[in-house]
A.B. asks: 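Below are the C-alpha cells for one structure; questions will follow.
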Amino acid sequence: NAGVTQTPKFQVLKTGQSMTLQCAQDMNHNSMYWYRQDPGMGLRLIYYSASEGTTDKGEVPNGYNVSRLNKREFSLRLESAAPSQTSVYFCASSEGADTQYFGPGTRLTVL
Amino acid sequence: SQQGEEDPQALSIQEGENATMNCSYKTSINNLQWYRQNSGRGLVHLILIRSNEREKHSGRLRVTLDTSKKSSSLLITASRAADTASYFCATELFRYALNFGKGTSLLVTP
C-alpha cells in the first residue's frame with residue numbers, strides 16, 4: 001500500500017500562473033483534506049471532502065479550488081498563484097474522526 | 001484560528017532523558033490527537049485519546065488528558081536521537097478535519 005501520494009514534490013511558479021496539486025489514497029477512506037503549512041506554523045485547513053461528491057471550505061480557502069474526482073483522488077487547484085501561496089501543501093485522508101494519514105507534501109514557491 | 005497551543009515551542013534534551021510537551025485547547029472536544037513531523041516530511045499519527053480517557057500509553061509514549069483544564073500532555077520516555085522532530089496536538093475543527101497547534105520542536109542530542 002502506498003498510503004497517500006502527492007505530486008509534484010516541488011514546484012516553482014510565477015505570479016499569476018496556475019497549477020493543480022494531485023493527491024491519491026489507496027486506503028479506501030471516505031474523507032480527504034488539503035492543508036498548508038507555513039514556517040513555524042501548524043497546519044491550516046484549506047478544503048476538505050467528507051465523502052465522494054462533496055467538498056467544503058476550510059479555514060483558508062481563498063485562491064484555491066478543489067475537485068474530488070473519485071473516492072481515491074482529491075486535487076487542489078491554484079487558478080492564479082500569488083506569493084502568499086508559497087507554502088508546503090499536505091494532503092491527508094481518514095475514515096471518520098480518527099487517525100489522519102498524510103502525504104509527503106508539495107513544496108510550492110511562487111515568485 | 002488555532003485551537004491547540006503547544007508548550008514549550010522548543011525543547012532540547014539529551015538521549016535517555018524524558019521529554020514532556022503540553023497542549024492547551026479552547027473548546028470542548030471528543031478526542032485529541034498527537035502527531036509527529038520529521039523535518040521536511042508529512043505528519044505521522046502517534047496517539048489518540050478520547051474525552052472520556054485520562055491517560056493512554058503507546059510504547060514509550062504516555063498521553064494524559066485533563067478536560068477540566070482543557071489540556072493534554074505528551075511524555076516521551078528514554079528519548080532517542082530519532083525522536084528529534086516537531087510534535088503537534090490536534091483537535092477537531094469540523095467534519096473530521098483537524099485543527100493543529102504550532103507544535104513543539106524537540107531536539108534530542110546524543
Side-chain angles (χ1 to χ4, degrees), chain A residues 2-7 9-10 21 23-25 27 29-51 53-61 66 68 74 87-108, chain B residues 1-10 21 23-53 56 58 61 63 72 74 85-106:
Chain A
V4 179
T5 57
Q6 291 184 235
T7 56
K9 289 194 169 80
F10 301 94
L21 282 66
C23 174
Q25 53 94 7
M27 295 171 281
H29 287 161
N30 279 308
S31 302
M32 297 185 73
Y33 316 87
W34 277 105
Y35 296 91
R36 62 177 285 175
Q37 184 178 32
D38 299 302
M41 300 286 288
L43 279 67
R44 290 183 292 169
L45 181 69
I46 305 172
Y47 269 93
Y48 67 101
S49 172
S51 60
T54 68
T55 60
D56 288 285
K57 295 179 180 179
E59 299 173 281
V60 288
V66 290
R68 184 73 183 267
F74 188 36
S87 190
V88 182
Y89 292 84
F90 290 100
C91 177
S93 70
S94 75
E95 190 55 45
D98 288 348
T99 302
Q100 290 197 5
Y101 295 86
F102 284 80
T106 294
R107 277 173 174 64
L108 175 66
Chain B
S1 61
Q2 285 167 310
Q3 154 94 299
E5 291 290 338
E6 293 88 348
D7 173 63
Q9 290 187 354
M21 49 206 89
C23 170
S24 59
Y25 58 92
K26 297 173 185 171
T27 61
S28 61
I29 58 171
N30 292 318
N31 64 60
L32 183 143
Q33 303 184 43
W34 285 90
Y35 287 79
R36 183 187 74 225
Q37 184 180 35
N38 291 92
S39 181
R41 302 284 187 94
L43 277 71
V44 174
H45 180 262
L46 294 176
I47 198 164
L48 180 151
I49 186 165
R50 302 194 188 280
S51 59
N52 61 353
E53 298 175 309
K56 199 162 182 180
S58 177
L61 305 180
V63 168
S72 174
L74 171 67
S86 292
Y87 292 82
F88 297 89
C89 66
T91 55
E92 306 130 80
L93 184 56
F94 35 69
R95 295 296 301 279
Y96 311 144
L98 294 177
N99 195 333
F100 289 86
K102 294 182 181 179
T104 291
S105 178
L106 174 65

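Values reported hereafter were calculated over all heavy atoms of this structure, with side chains retained and with hydrogens, waters and symmetry mates removed.
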A.B. asks: Counting only N and O atoms by type, is there a donor-acceptor contact under 3.5 Å from the side chain of W34(A) to the main-chain atoms of F74(A)?
C.D. replies: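 Judged by distance alone, yes, a pair lies under 3.5 Å.
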A.B. asks: Measure distances from I47(B) to the heavy atoms of chain A and classify the residue's part below 4.5 Å as side chain, backbone, both or neither.
C.D. replies: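 When you check distances to chain A, no heavy atom of I47(B) falls under 4.5 Å.
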A.B. asks: What part of Q37(B) gets closer than 4.5 Å to chain A, counting heavy atoms only: side chain, backbone, both or neither?
C.D. replies: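 It is the side chain, since no backbone atom gets that close.
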A.B. asks: Hey, are D98(A) and R50(B) close enough for a salt bridge, meaning a charged N less than 4.0 Å from a carboxylate O?
C.D. replies: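 A salt bridge links D98(A) with R50(B).
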A.B. asks: Pick out which of V66(A), L45(A), I46(A) makes a side chain to side chain contact (heavy atoms under 4.5 Å, CB included) with Y33(A).
C.D. replies: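 Testing each of V66(A), L45(A), I46(A) against Y33(A), the sole residue satisfying side chain to side chain contact (heavy atoms under 4.5 Å, CB included) is L45(A).
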A.B. asks: Would you confirm whether E92(B), through its side chain, and N30(B), through its main-chain N or O, come within 3.5 Å as a donor-acceptor pair?
C.D. replies: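 Here the side-chain-to-backbone pair exists.
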A.B. asks: So which part of Y35(A) gets closer than 4.5 Å to some heavy atom of chain B, the side chain, the backbone, both or neither?
C.D. replies: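 It is the side chain, since no backbone atom gets that close.
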A.B. asks: Check each atom of S31(A) against the heavy atoms of chain B and say whether the ones under 4.5 Å are side chain, backbone, both or neither.
C.D. replies: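 It is the side chain, since no backbone atom gets that close.
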A.B. asks: Let me know if L43(B) has heavy atoms under 4.5 Å from chain A in its side chain, its backbone, both or neither.
C.D. replies: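 Answer is both: backbone and side chain atoms of L43(B) are under 4.5 Å from chain A.
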A.B. asks: Under a 4.5 Å heavy-atom cutoff, which of Q6(A), Q100(A), Q37(A) has the most pairs with chain B?
C.D. replies: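 If we count pairs closer than 4.5 Å to chain B, Q100(A) comes out on top.
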A.B. asks: CG of L93(B) to OH of Y48(A): how many Å apart, nearest 0.5 Å?
C.D. replies: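 Between atom CG of L93(B) and atom OH of Y48(A) there are 8.0 Å.
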